[in-house]
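Here is the structure we will look at, set down as structure tokens.
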Amino acid sequence: MKGGEIINRKFNFLIYLLVLLIFTSNIAFAATVPLIKDFKVNKGVSFDQSKVEFQFNLTKKAKITINILSGNKIIRVLTNKKTVPAGKVVVYWAKTNSKGVKVAPGTYGIQIIAEASGKKEIKKYSLKLYGPAKPPVILDYTLSPQEFTAEEPLILYFNLNQAAKVEFLVLNDQGTVVHRYTTPSVLSKGLNYFIWDGTGNVSGKELPAGEYTLKVTPIDQSGLKGATLSILIKKK
């Protein structure tokens, strides 16, 4: 055997090993690349939205099954082994179970099963559906003094159960609004106060002595109003 032939055989063997290494590396890489990526919920978790919209990306063409779970129980099958091309997948759920009944607020699971080239991947994601918003509430209040003047103005201390804007209306004994004020920003949860010296911003003048009604309404950031508190006040 000539030296050149030995070198050539060694070279061919090295090429064979290199090709084998690349081939096995590609197989290993393909096995580690997830089929399902970048899951996110776009909208629909709040009570006033009728549908949930979520999306994910497929790294390759696959058969897709999507289930909605309550605990470990499947309550709705959105799609069953549907062939879907690679790329972004957008899915809608009308918040109903398999019988078409609206589900209650709470935490649910979204199970996505992808099958491609003999590989099966199962992913589960958590989804929380919220109930109707609870309006802000004035828990309690204190009024001081009981009869106020321009020199000793009225101070209303009140507790909010959550952050909210607050609208204040003062009505005279005829039911006419003589003073109106809404806080320009959200007040914090807990103790807050309102001061009024008896000047009506409707007329811009100091109002006469007498009895008035102070109406206080909390409003959350979405515009939802809580119960109005009506307080009889007296100006000397």
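Each residue takes its place number in the sequence, starting with 1. Given the structure is predicted, the values throughout are model-derived calculations rather than measurements.
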Checklist entry - Does some side-chain heavy atom of Tyr130 sit less than 4.5 Å from a side-chain heavy atom of Phe47? => result no

Item to check | Nearest atoms (heavy-atom pairs only) where Pro34 meets Lys123 | outcome: CB-NZ, 4.4 Å

Checklist outcome for this item: Residue pairs passing the salt bridge (charged side-chain N to carboxylate O under 4.0 Å, His left out) test with at least one member in residues 75-101, sequence neighbours excluded, are none

Checklist entry - Just by modelled atom types, is the Asn201 backbone N or O under 3.5 Å from a matching donor or acceptor in the His179 side chain? => result yes

Checklist entry - Going by atom types only, do Asp220 and Gln162 share a side-chain donor-acceptor pair under 3.5 Å? => result no

Next on the checklist: For Phe194 versus Tyr181, what's the shortest heavy-atom pair and its separation?
Outcome noted: CE1-CD2, 4.1 Å

Checklist entry - Taking the side chain as C-beta and beyond, is there a heavy-atom pair between Thr107 and Ser126 under 4.5 Å? => result yes

Checklist entry - Nearest heavy-atom pair of Asn161 and Pro135: which atoms, and what distance? => result ND2-O, 4.1 Å

Next on the checklist: Show, in sequence, the C-alpha distance, side-chain angles and deciding distance for Leu69 and Tyr125, and conclude whether the side-chain contact (heavy atoms from CB on, under 4.5 Å) test is met.
Outcome noted: CA-CA 10 Å; Leu69 309 177; Tyr125 304 94; over 6 Å; no

Item to check | Any donor-acceptor pair under 3.5 Å from Thr149 side chain to Glu152 backbone | outcome: yes

Item to check | Pair Gln49, Ser46: side-chain N/O donor-acceptor within cut-off below 3.5 Å | outcome: yes

Next on the checklist: Check whether Asp38 reaches the backbone of Asn57 with its side chain - one donor and one acceptor, N or O, closer than 3.5 Å.
Outcome noted: no

Next on the checklist: Suppose the criterion is salt bridge (charged side-chain N to carboxylate O under 4.0 Å, His left out): which pairs have a residue in residues 186-209, not counting sequence neighbours?
Outcome noted: Glu206-Lys235

Next on the checklist: Could you check whether any side-chain N or O of Thr183 sits under 3.5 Å from a backbone N or O of Ser185, counting only pairs where one atom can act as donor and the other as acceptor?
Outcome noted: yes

Item to check | Side-chain donor-acceptor contact under 3.5 Å, Ser230 with Lys215 | outcome: yes

Next on the checklist: Pair Leu156, Val216 - check side-chain contact (heavy atoms from CB on, under 4.5 Å), show working.
Outcome noted: CA-CA 10 Å; Leu156 173 70; Val216 188; 3.8 Å; yes

Next on the checklist: Is there a continuous path of hydrophobic side-chain contacts, each under 4.5 Å between heavy atoms, that joins Ile36 to Phe39?
Outcome noted: yes

Checklist outcome for this item: Residues passing the side-chain contact (heavy atoms from CB on, under 4.5 Å) test with Thr83, sequence neighbours excluded, are Lys61, Lys63

Checklist outcome for this item: Closest non-hydrogen contact found for Gln111 with Ile113 is OE1-CD1, 3.8 Å

Checklist entry - Side chain of Glu147, backbone of Lys234: donor and acceptor closer than 3.5 Å? => result no

Checklist entry - Which heavy atom in Trp93 sits nearest to a heavy atom in Val103, and how many Å separate them? => result CH2-CG2, 3.9 Å

Checklist entry - Just wondering, do Ile231 and Tyr141 contact through their side chains at under 4.5 Å, heavy atoms? => result yes

Next on the checklist: Is there a side-chain contact between Ile155 and Leu143 in this structure, where contact means two heavy atoms from C-beta onward sitting under 4.5 Å apart?
Outcome noted: no

